[in-house]
K.L.:
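Dropping a structure here in structure tokens format, bear with me for questions.
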Amino acid sequence: MSVLVYIEHVDGAFKKSALEAVSYAKEVGTLINQPVYALSIGEVAESELENIGTYGADKLITVNNAELKQFLNQAYASVIAEVATSVGADTVVLSNSFSGKGIAPRIAAKLNAALGDGAISLPQMSGDSWTIQKTAFSNKAIATEQLDGQKRVIALTPNSMEAKEHPTSMTIESYQPNLSPGDLSTVIKDIVRATNKVSLPEAEIVVSAGRGMKGPENWAMVEELANVLGAATACSKPVSDAGWRPHAEHVGQTGLAVTPKLYIAIGISGAIQHLAGVSASKTIVVINKDPEAPFFKVADYGIVGDAFEVLPQLIEAFKTYKNN
Amino acid sequence: MKILVCLSNVPDTTSKITFTDNNTRFNNAGVQYIINPYDEIALAKAVELAEGGKGTVTVIHVGEADAEPTIRKALAVGADDAVRVNAFPRDAWFVANQIAAFAKAQQFDLILTGRESIDYNGVQVQGFLGELLAIPSVSIAKSLQINGEEITVEREIEGGKEVLAVSLPVVIGTAEGVAEPKIPNMRGIMTARTKPLQVIDAVEVPVLSKIVQYETPPARGAVKLISKEDIAQLVNLLHTEAKVI
Ligand SMILES: Cc1cc2nc3c(=O)[nH]c(=O)nc-3n(C[C@H](O)[C@H](O)[C@H](O)COP(=O)(O)OP(=O)(O)OC[C@H]3O[C@@H](n4cnc5c(N)ncnc54)[C@H](O)[C@@H]3O)c2cc1C
Ligand SMILES: Nc1ncnc2c1ncn2[C@@H]1O[C@H](COP(=O)(O)O)[C@@H](O)[C@H]1O
């Protein structure tokens, strides 16, 4: 028996969340005394592949068919399930990224496995019965979920576990899957990705702004602050509804739930629906001109002041910090 | 085009989230239920696609009788008929199996779900359904266009989007951008009362997972206010105290 971890890459480079998944799989493997096999699908540079050994995989299985160069939901799910069966993996780990969310249920259904999605902790085990923790009710609660049965698929929330180094002498093997034409019916026509931006779901620092910024023309300051900090930008719902920012930046109960180390909220009132998506952040800083803004009640640090005055100073202060 | 829209009935977004029975069950006392906001987007898109006799929209909900107001609201928005699978929706695997059992015999061209339910946030039903029906599934769609047999979908990816061409039948989980939620008008509300709402029995599904315990996240300490005259102190605290930069 073994643990299989699927590692996602973007344009041939493994994502941070993929390394977190390998490290998580290694810890699970250690708990149950099973080897950890990593699976990479598509074209990835040799040096990137070798790096996976740093995080504790015993073997790396690569699948590199012409048809599988790019992520295809159904085909990737089939390949992962097939490899899991072929290496006797009862536990499959992957990242709960946007693509991961699309394939996790399909893999679980194929393997007749219990699905633990959005895990934020290592499992606790008692025989075949495992439990994991995950967030529920848009971060308003933490649920302990019991995964019964002989197999389970665990999708790990990005940023919830650190990618710990655990160097092993890893071997690399390629694998030729059996693809069925039905799995390849979806065609990718285009991928549009802002390469210079930090991806929001994986970001360690998020700079987020709300209606207090008055209009889209004032976002240069927000972006500059994000740049200085190597942070991703986010916004409240009315901001994306008004078209000031893209929908993909909207965080909250009906937007993305994020769990960065640091969440900086500027000109956001702190409505319950907004807080739902951000309250699991480790540290929260709030900048708001209204001392009564509800956001201050759930913040670690606060500055009462006009964003248009505070932001330029904050940018300078962080610049000074970075230069030292 | 035959369209099926899957509806989840969720606590209103302002609900206080508490638990009962030793923190093993969500406490729904006094909680208002609404159509899952993402499912309103799916419904609006379906109604738009079917408009002018171009198709039919069936809504399905797996749940108990107290969800009927939510189903009637969907009929008021413009769905043609509704199905309720009479069972407690214990988890996504159970729900997806019920929907698949119904959909199998019906030959829907397009099955829409919301991107996720705002209570359990699974993003699971849509992938399970695709697998159970052996058809493609797309999670987190930001736009959806139909051209004959082919559908163009924009899917959210980290830092951008992916444009996909998929063929029918397909399951798609809709997010913002696909359509604007529709508010029912008076005529819709009147006709909703007489539209068919069929109640069917659930099929049996083995239990693979269950939530055994809930906790509310630990509360934060009181906020430390920093004077806007002393912003360097914030930077300092983030470094030395919070250790996040
Ligand atoms: C079903 C439903 C779902 C929702 N889902 C979400 C969600 O997922 N995410 C979300 O964000 N919202 C969501 N909302 C909306 C939510 O209720 C709030 O309306 C929204 O979060 C408010 O956005 P805001 O804080 O940017 O704007 P406002 O509430 O208008 O707050 C603006 C804040 O900026 C401050 N401000 C103004 N000028 C300045 C200045 N110069 N300097 C500093 N501060 C200033 C003000 O004091 C105020 O606190 C949802 C609502 C509903 C009904
Ligand atoms: N009880 C239910 N009945 C019908 N559809 C549901 C139910 N629960 C969830 N869904 C659908 O599945 C989507 C995703 O839910 P989830 O996988 O729980 O995040 C929702 O947006 C609904 O469209």
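Numbered from 1 within each chain, the chains take letters A, B, ... in sequence-line order. None of these values were measured; they are calculated from a predicted model.
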K.L.:
Side chain, backbone, both or neither: which part of Asp300(A) has a non-hydrogen atom closer than 4.5 Å to chain B?
P.N.:
both
K.L.:
Heavy atoms only, distances under 4.5 angstrom: which of Ile284(A), Val286(A), Thr254(A) has the most pairs with chain B? Name it, please.
P.N.:
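So the answer, after comparing Ile284(A), Val286(A), Thr254(A), is Thr254(A).
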K.L.:
At a heavy-atom separation under 4.5 Å, does Leu200(A) approach chain B through its side chain, its backbone, both, or neither?
P.N.:
neither
K.L.:
I'd like to verify something: which residue of Leu132(B), Ile157(B), Thr216(B), Ile140(B) has the highest number of heavy-atom pairs under 4.5 Å with chain A?
P.N.:
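Of the candidates given, the most pairs with chain A belong to Ile157(B).
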K.L.:
Look at Thr320(A), Asp190(A), Val198(A) and state which one has the largest set of heavy-atom pairs under 4.5 Å with chain B.
P.N.:
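Result: the option with the highest number of such pairs is Asp190(A).
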K.L.:
Relative to chain B, which segment of Gln146(A) carries a heavy atom at a distance below 4.5 Å: side chain, backbone, both, or neither?
P.N.:
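Both backbone and side chain.
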K.L.:
Kindly compute the distance separating CH2 (Trp93(B)) from CG (Leu208(B)), expressed to the nearest 0.5 Å.
P.N.:
6.5 Å
K.L.:
I'd like to know if the side chain of Asp148(A) reaches the main chain of Ser129(A), judged simply by a donor and an acceptor atom lying under 3.5 Å from each other, with no hydrogens or angles considered.
P.N.:
no
K.L.:
So which of Glu156(B), Arg115(B), Glu176(B), Glu162(B) actually passes side chain to side chain contact (heavy atoms under 4.5 Å, CB included) with Lys142(B)?
P.N.:
Glu156(B)
K.L.:
Is a side-chain N or O of Ser138(A) found less than 3.5 angstrom from the main chain of Ile118(B), in a donor-acceptor match?
P.N.:
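Yes: the side chain of Ser138(A) pairs with the backbone of Ile118(B).
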K.L.:
Just so I understand: if I count every heavy-atom pair under 4.5 Å between each of Ala219(B), Pro136(B), Gly160(B) and chain A, which residue has the most?
P.N.:
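It is Pro136(B).
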K.L.:
What part of Ala109(A) is in contact with chain B, defined as an atom under 4.5 angstrom from a non-hydrogen atom: side chain, backbone, both or neither?
P.N.:
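For Ala109(A), heavy atoms of backbone and side chain both lie under 4.5 Å from chain B.
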K.L.:
Between the side chains of Lys197(A) and Glu249(A), is the shortest nitrogen-to-carboxylate-oxygen separation below 4.0 Å, so that they form an ion pair?
P.N.:
yes
K.L.:
Only pairs of heavy atoms separated by less than 4.5 Å count here; which of Ile245(B), Leu238(B), Val166(B) has the most with chain A?
P.N.:
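The candidate making the most pairs under 4.5 Å is Ile245(B).
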K.L.:
What is the distance from atom CD of Glu241(B) to atom OG1 of Thr283(A), rounded to the nearest 0.5 Å?
P.N.:
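Between atom CD of Glu241(B) and atom OG1 of Thr283(A) there are 9.0 Å.
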K.L.:
Which one wins on heavy-atom pair count under 4.5 Å against chain B: Gly149(A), Ala248(A), Pro201(A)?
P.N.:
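The answer is Ala248(A).
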K.L.:
Tell me, do Arg152(A) and Ile132(A) make a side-chain contact under 4.5 Å, heavy atoms counted?
P.N.:
no
K.L.:
Quick check on the interface: out of Gly221(B), Gly122(B), Ala232(B), who has the most heavy-atom pairs with chain A under 4.5 Å?
P.N.:
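Most heavy-atom pairs under 4.5 Å with chain A: Gly122(B).
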K.L.:
Picking from Asp306(A), Ile107(A), Thr186(A), which has the most non-hydrogen pairs under 4.5 angstrom with chain B?
P.N.:
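It is Thr186(A).
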K.L.:
Considering only heavy atoms and a distance below 4.5 Å, find which of Ala104(A), Gly302(A), Gly182(A), Ala317(A) pairs most often with chain B.
P.N.:
Gly302(A)
K.L.:
Using 4.0 Å as the upper bound for N to carboxylate O, is an ion pair formed by Asp117(A) and Lys101(A)?
P.N.:
no
K.L.:
Can you find a pair of side-chain heavy atoms, one from Val244(B) and one from Ile205(A), that are under 4.5 Å apart?
P.N.:
no
K.L.:
Side chain, backbone, both or neither: which part of Ala113(A) has a heavy atom under 4.5 Å from chain B?
P.N.:
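Looking at Ala113(A), just its backbone touches chain B.
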K.L.:
Measure distances from Lys151(A) to the heavy atoms of chain B and classify the residue's part below 4.5 Å as side chain, backbone, both or neither.
P.N.:
neither
K.L.:
Should Ile211(B) and Tyr120(B) count as side-chain neighbours, where that means a heavy-atom distance under 4.5 Å?
P.N.:
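A side-chain contact under 4.5 Å exists here.
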K.L.:
Measure distances from Gln70(A) to the heavy atoms of chain B and classify the residue's part below 4.5 Å as side chain, backbone, both or neither.
P.N.:
neither
K.L.:
Counting only non-hydrogen atoms closer than 4.5 Å, does Ser139(B) touch chain A with its backbone (N, CA, C, O), its side chain (CB onward), both, or neither?
P.N.:
side chain
K.L.:
With a 4.5 angstrom heavy-atom cut-off, is it the side chain or the backbone of Glu309(A) that approaches chain B, or both, or neither?
P.N.:
side chain
K.L.:
Which answer fits Tyr214(B), side chain, backbone, both or neither, if we ask what part of it has an atom under 4.5 Å from a heavy atom of chain A?
P.N.:
both
K.L.:
If you measure from CG on Leu164(B) to CD1 on Ile191(A), what distance do you get to the nearest 0.5 Å?
P.N.:
8.5 Å
K.L.:
Please flag which part of Ser15(B) lies under 4.5 Å from any non-hydrogen atom of chain A: side chain, backbone, both or neither.
P.N.:
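When you check distances to chain A, only backbone atoms of Ser15(B) fall under 4.5 Å.
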K.L.:
At a 4.5 Å cut-off on heavy atoms, which part of Lys261(A) comes close to chain B: side chain, backbone, both, or neither?
P.N.:
both
K.L.:
Could you check which of Val207(B), Asp91(B), Val223(B) has the highest count of heavy-atom pairs closer than 4.5 Å to chain A?
P.N.:
Val223(B)
K.L.:
With chain A as the partner, which of Gly130(B), Ala92(B), Pro37(B) has the greatest number of non-hydrogen pairs under 4.5 Å?
P.N.:
Gly130(B)
K.L.:
Report the residue from Ile287(A), Asn288(A), Val278(A) that forms a side chain to side chain contact (heavy atoms under 4.5 Å, CB included) with Phe295(A).
P.N.:
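When side chain to side chain contact (heavy atoms under 4.5 Å, CB included) is applied between Phe295(A) and each of Ile287(A), Asn288(A), Val278(A), only Val278(A) qualifies.
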K.L.:
I'd like to check Cys6(B) versus Leu129(B) (side-chain heavy atoms, cut-off strictly below 4.5 Å). Are they in contact?
P.N.:
yes
K.L.:
Hey, what do you get for CD1 (Ile303(A)) to CD (Glu229(B)), rounding to the nearest 0.5 Å?
P.N.:
10.5 Å
K.L.:
When rounded to the nearest 0.5 angstrom, what is the spacing between CD1 in Ile172(B) and OG1 in Thr113(B)?
P.N.:
9.0 Å
K.L.:
Go through the atoms of Pro206(B) and report whether side chain, backbone, both or neither lie under 4.5 Å from a heavy atom of chain A.
P.N.:
neither
K.L.:
In terms of heavy-atom pairs under 4.5 Å, which option from Lys15(A), Gln74(A), His250(A) contacts chain B the most?
P.N.:
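Of the options given, most contacts go to Gln74(A).
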K.L.:
Just by modelled atom types, is the Gly270(A) backbone N or O under 3.5 Å from a matching donor or acceptor in the Lys297(A) side chain?
P.N.:
no
K.L.:
Which bit of Asp241(A) comes within less than 4.5 Å of chain B, counting heavy atoms only: side chain, backbone, both or neither?
P.N.:
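Just the side chain, heavy atoms under 4.5 Å.
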K.L.:
For Val285(A), is it the side chain, the backbone, both, or neither that has a heavy atom closer than 4.5 Å to a heavy atom of chain B?
P.N.:
side chain
